[in-house]
Amino acid sequence: MNLDDVDGRFGEAWAGTAPNGSHINLVIGRRGSPTAAAAAASMADVRPGHSPLLLCLGAGNLVRPATVVRNKTTIDSEHLGLLTWGAAQLGIGQGVCDAVEEGLIPLEHVDDVVLLVAVYVDGAGDDHTAVREANRSATRAAIADALMPDHRERALEILASRETARNRFYRGD
């Protein structure tokens with residue numbers, strides 16, 4: 001892994017089914033780079049309903065590589081807080097660990113990179129296990145997406161589908 005080549009790489013993935021699915025956006029930074037500094041600075045950007053956290057698998061178990069998690073959904077209820085800080089955090093941590101175990105992020109580089117993860121958790125989610133599993137899968141997939149050496153083939157697929165593209169929030173024809 002060439003750390004200069006992975007600095008600033010972006011990844012994205014969806015896993016699971018609504019309302020218990022997960023959407024992950026991810027940025028990889030090399031320790032000491034402006035990308036890593038931006039991830040660290042995001043820890044200080046606390047607003048009502050948006051509290052960044054360092055990813056842990058339980059208290060005192062900081063996941064490596066160090067990972068800053070930002071919620072994209074405003075935490076406005078205890079239910080959504082539990083889903084985000086409980087199920088989603090645990091799943092994201094497991095997904096990062098999976099990526100390390102599989103060698104996507106080599107063990108010798110876990111102290112050399114930092115991850116910034118933005119996670120969407122649906123407030124209508126009702127299955128903590130499904131939310132955890134979706135976040136695990138989406139996180140591992142987002143890391144793989146970020147580390148893919150060549151996105152040209154995927155870019156061509158997206159270009160070909162742009163006229164028929166839809167998302168769950170679009171209300172037009």
Q. Hey, what do you get for CZ (R132) to CD1 (I92), rounding to the nearest 0.5 Å?
A. 12.5 Å
(Q) Could you check whether any side-chain N or O of R70 sits under 3.5 Å from a backbone N or O of D45, counting only pairs where one atom can act as donor and the other as acceptor? (A) yes
Q: Could you tell me which non-hydrogen atom of R9 sits nearest to which non-hydrogen atom of P149, and how far apart they are?
A: NH1-CA, 4.0 Å
Q: Please round to the nearest 0.5 Å and tell me the distance separating atom OG1 of T139 and atom CD of Q94.
A: 10.0 Å
Q.
Would you say that I143 contacts V96 through its side chain, given a criterion of any heavy-atom pair below 4.5 Å between the two side chains?
A. yes
Q: Using a 4.5 Å cut-off on heavy atoms from C-beta on, say whether the side chain of V68 contacts that of L54.
A: yes
Q: May I ask whether L55 and L62 are part of the same hydrophobic cluster, defined by side-chain heavy atoms of I, L, V, M, F, W, Y residues being less than 4.5 angstrom apart, directly or through others?
A: no
Q.
Any non-hydrogen side-chain atom of Q89 less than 4.5 Å from a side-chain atom of V69?
A. no
Q. Do the side chain of H109 and the main chain of P65 share a donor and acceptor less than 3.5 angstrom apart?
A. no
Q. What do the steps show when you test R140 against L104 for side-chain contact (heavy atoms from CB on, under 4.5 Å), and what is the final call?
A. CA-CA 9 Å; R140 190 252 172 242; L104 289 172; 3.7 Å; yes
Q: Kindly work out whether a path of hydrophobic side-chain contacts (I/L/V/M/F/W/Y, heavy atoms less than 4.5 Å apart) joins V119 to W85.
A: yes
Q | Interatomic distance, E153 atom CD to I158 atom CD1 [nearest 0.5 angstrom] | A | 11.5 Å
Q: Could you tell me which non-hydrogen atom of P52 sits nearest to which non-hydrogen atom of V46, and how far apart they are?
A: CD-CG2, 3.8 Å
Q.
For A36 versus V114, what's the shortest heavy-atom pair and its separation?
A. CB-CG1, 3.4 Å
Q) Could you give the distance from CG (L83) to OG1 (T73), rounded to the nearest 0.5 Å? A) 10.0 Å
**Q.** Side chains of V100 and R64 in contact at under 4.5 Å (non-hydrogen atoms)
**A.** no
Q: Considering non-hydrogen atoms only, spot the tightest contact between I24 and A142 and give its length.
A: CG2-CB, 3.8 Å
Q: Verify the cluster assignment for L26 and L57: are they in a single hydrophobic cluster under the rule of side-chain heavy atoms below 4.5 Å apart?
A: yes
Q. Transitively linked via ILVMFWY side-chain contacts under 4.5 Å: L147 with W14?
A. no
Q) What's the spacing between S161 OG and L156 CG if we round to 0.5 Å? A) 11.0 Å
Q) Nearest 0.5 Å, what's the CD1-CG distance between I105 and L115? A) 5.0 Å
Q. Do other residues, nucleotides or ligands put more than 12 heavy atoms under 6.0 Å from the CD atom of E102?
A. yes
Q. Side chains of D122 and N20: do they bring a donor and an acceptor to under 3.5 Å?
A. no
**Q.** Transitive ILVMFWY side-chain link I75 to L90, under 4.5 Å
**A.** yes
(Q) What I'd like to find out is whether the side chain of N71 reaches to under 4.5 Å of the side chain of V121, using heavy atoms alone. (A) no
Q. Which pair of heavy atoms, one from P19 and one from A124, lies closest together, and at what distance?
A. CG-O, 3.5 Å
Q. In chain order, what residues pass the side-chain hydrogen bond (donor to acceptor under 3.5 Å, both in side chains) check against S33, with sequence neighbours excluded?
A. D7
Q | Salt bridge flag under 4.0 Å for residues R154 and E157 | A | yes
Q. Considering the options D4, D112, D111, which one meets the salt bridge (charged side-chain N to carboxylate O under 4.0 Å, His left out) requirement together with R30?
A. D4
Q: Answer yes or no: is there a donor N or O on one side and an acceptor on the other, between the side chain of S137 and the main chain of E133, under 3.5 Å?
A: no
Q.
Looking at N135 and V131, would you say the former's side chain and the latter's main chain have a donor-acceptor pair under 3.5 Å?
A. yes
Q: Evaluate whether atom CZ of R152 has more than 12 neighbouring non-hydrogen atoms of other residues, nucleotides or ligands under 6.0 angstrom away.
A: no
Q | Nearest heavy-atom neighbours spanning A146 and I28 | A | CB-CD1, 3.8 Å
